[in-house]
Amino acid sequence: MAFVSSGYNPDKPMEDRISDIGPRFYKEFLPPVLEKNYGKWVSHEILEPGLLVHEAESGDKVYTVRVGSARLISTELIREACAVAKQYCDGYLRWTTRNNIEFMTTSLESAKALKADLNSRKFDKGSYKFPVGGTGASVSNIVHTQGWIHCHTPATDASGTVKIIMDELFEEFTNMRMPAIVRVAVACCLNMCGACHCSDLAVVGFHRKPPIIDHEYLDNMCEIPLAIASCPTGALKPGKTELEGGKKVNTILVNNDRCMYCGNCYTMCPSLPLSDKEGDGVIIMVGGKVSNRISMPKFSKVAVAFIPNEPPRWPTLAKVCKKIIEVYAAEANKYERLGDWAERIGWESFFKKTELEFTHHLIDDFRDPAYFTWRQSTNFKF
Ligand code: HEM
Ligand code: SF4
Ligand code: SF4
């Protein structure tokens with residue numbers, strides 16, 4: 001397409017420049033019933049999966065229909081959501097902290113019609129565009145990251161793995177038959193953008209080979225001390241090497257025995273790439289939570305040390321995720337989050353019941369705090 005100017009003048013970049021205006025004030029976008037009853041809500045109820053009602057002091061009610069979204073969506077799909085909002089909700093809608101979409105109406109009839117309409121919309125290939133669900137003790141949307149769509153440090157894909165896990169657990173999105181909420185998260189590298197470290201079930205992209213060193217360019221591309229300081233295990237040191245042709249260059253040397261393939265040094269230095277088709281895959285972590293309900297918040301713990309990347313449908317990953325959630329659903333008490341359950345029955349029982357293999361990779365060996373993850377008690381089950 002030919003260039004079309006927005007009015008910005010590249011010869012005078014600071015002229016007519018608007019800055020530091022911040023986001024729009026959220027109350028500009030509140031449906032009137034929310035604006036009127038703001039801060040005066042007395043009760044709420046989940047009427048059915050994906051449908052909530054909130055009642056205010058005034059007696060006003062607002063019905064909310066929650067639908068799944070792929071998070072990564074086109075303007076076309078956003079426009080379709082806007083058209084639905086225009087038809088049923090006076091043009092108002094909102095996104096949740098797990099990237100679901102919520103449509104609000106003031107009558108039960110229109111909420112039911114809205115729900116039926118949303119559930120009837122499909123893409124050409126058959127997937128639901130706006131599947132209703134994600135409320136109560138269900139598996140709601142998966143908080144996830146960029147993957148091979150946009151990031152340069154991933155060890156796996158995000159949108160792809162999320163689609164297969166949600167396909168596998170779709171019945172749990174549209175029902176509320178879990179002992180408690182199951183939060184699933186995906187991060188495509190150990191930077192863990194998002195919620196993997198505090199989710200009931202988490203999938204994290206993982207490397208298994210040390211970085212390759214591009215000696216020729218390293219000193220030109222990288223601030224060497226920054227890369228060295230980025231290593232959590234002290235596997236890197238400054239050094240010199242001779243290139244083919246005899247030229248001596250400053251570079252970085254990697255002690256492969258100390259490297260645990262975190263990829264931090266590559267984040268700091270483009271000359272230390274480490275992604276690898278066979279080496280890369282995912283780990284599964286379980287048992288994290290952020291709420292303070294009954295038990296304190298918990299970190300998730302590594303339960304599966306490695307599953308290979310199997311695009312496009314990651315069958316092994318899908319199977320293992322489903323198995324863990326099925327066993328939890330069958331065994332846990334009401335209100336028990338996955339971590340509450342695993343801690344009550346003991347991790348040795350968790351591994352036995354889920355039939356996951358316990359390998360030496362799962363035993364913490366990172367600095368002094370590793371000691372506190374070992375068992376200093378004779379309390380265990382055979
Ligand atoms: C029938 C004989 C015994 C009974 C019923 C008995 C019972 C107990 C009990 C209930 C405890 C407390 C455990 C805990 O705090 O969880 C204990 C601790 C202890 N017992 Fe015995 N005990 C017996 C014989 C002995 C003998 C013969 C010795 C030494 C020669 C001994 C040395 C100790 C020691 C050192 C502790 C402290 C262990 C620790 O806190 O790590 N006990 N015993
Ligand atoms: S988790 Fe890692 S790979 Fe994924 S978006 Fe974040 S930094 Fe990039
Ligand atoms: S990948 Fe991680 S552990 Fe390995 S050298 Fe780089 S920073 Fe250190």
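Note that the numbering runs from 1 along the sequence shown for the chain. Whatever order the structure lists ligands and atoms in, that order sets their numbers, starting from 1. Computed over heavy atoms, backbone and side chain alike; hydrogens, waters and symmetry mates excluded.
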Test item: [X] side-chain N/O and [Y] main-chain N/O as donor-acceptor pair under 3.5 Å:
X    : Y    : value
W374 : D364 : yes
R293 : Y335 : yes
R337 : I181 : yes

Suppose we measure from [atom] to each protein heavy atom; which comes out shortest, and what is that distance?
atom                    : result
atom 4 (Fe) of ligand 2 : C188 SG, 2.2 Å
atom 6 (Fe) of ligand 2 : C193 SG, 2.3 Å
atom 7 (S) of ligand 2  : N191 ND2, 3.3 Å
atom 2 (Fe) of ligand 3 : C262 SG, 2.3 Å

Which residue in the set W347, F350, F351 passes ring-ring contact (aromatic ring centres under 6.0 Å, His included) when paired with F358?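 The passing option is F351.
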Would you mind listing which atoms of ligand 2 come within a distance below 4.0 Å of any non-hydrogen atom of [X]?
X    : result
Q146 : 5 (S)
T153 : 2 (Fe), 3 (S), 7 (S), 8 (Fe)
P154 : 3 (S)

Ligand 3 versus Y261: contacting region, heavy-atom distance under 4.0 Å:
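The backbone, only.
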Note to self: Heavy-atom distances under 4.0 Å decide this one: backbone, side chain, both or neither, for L272 against ligand 3?
What the structure shows: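 Near ligand 3, L272 shows nothing, with every heavy atom at 4.0 Å or more.
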- Determine whether the side chain, the backbone, both or neither of T145 has a heavy atom under 4.0 Å from any heavy atom of ligand 2.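 Answer for T145: side chain.
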Once you restrict to heavy atoms under 4.0 Å, what part of C151 touches ligand 2? Side chain, backbone, both or neither.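 It is the side chain that gets close, since no backbone atom is under 4.0 Å.
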Which atoms of ligand 3 have any heavy atom of [X] under 4.0 Å away?
X    : result
T233 : 3 (S)
C231 : 3 (S), 5 (S), 7 (S), 8 (Fe)
L236 : 5 (S)
G263 : 1 (S), 2 (Fe)

TODO: Inspect cysteines C269 and C222 and report if their side-chain SG atoms are under 2.5 angstrom from one another.
DONE: yes
message = If the cut-off is 2.8 Å, does any N/O/S atom of C265 fall short of it from atom 8 (Fe) of ligand 3?
response =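 Here the distance criterion (N, O or S atom, under 2.8 Å) is not met by C265, so no.
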Short side-chain donor-acceptor distance under 3.5 Å, N37 and S58 | yes
* To do: Taking atom types as modelled, find out whether W314 and N309 have a side-chain donor-acceptor pair closer than 3.5 angstrom.
  => yes
Notebook entry, point to check: Should the pair R208 and F306 be classed as cation-pi, given the thresholds of under 6.0 Å to the six-membered ring centre and 45° from the axis?
Noted result: yes
ask   = Under the side-chain hydrogen bond (donor to acceptor under 3.5 Å, both in side chains) criterion, do T373 and K301 qualify, and how do the steps go?
value = CA-CA 10 Å; T373 66; K301 282 123 193 118; over 6 Å; no
key: Single-linkage hydrophobic cluster, 4.5 Å side-chain cutoff, V320 and V162 together   = yes
*Out of V132, L114, L108, which one pairs with L51 under the side chain to side chain contact (heavy atoms under 4.5 Å, CB included) rule?*
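Only one of V132, L114, L108 forms a side chain to side chain contact (heavy atoms under 4.5 Å, CB included) with L51, namely L108.
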Decide, counting backbone as well as side-chain atoms, whether C189 has an N, O or S atom less than 2.8 Å from atom 6 (Fe) of ligand 2.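 Looking at C189, which is the residue asked about, there is no N, O or S atom under 2.8 Å from atom 6 (Fe) of ligand 2.
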*Of all the atoms in C259, is at least one N, O or S atom closer to atom 4 (Fe) of ligand 3 than 2.8 Å?*
yes
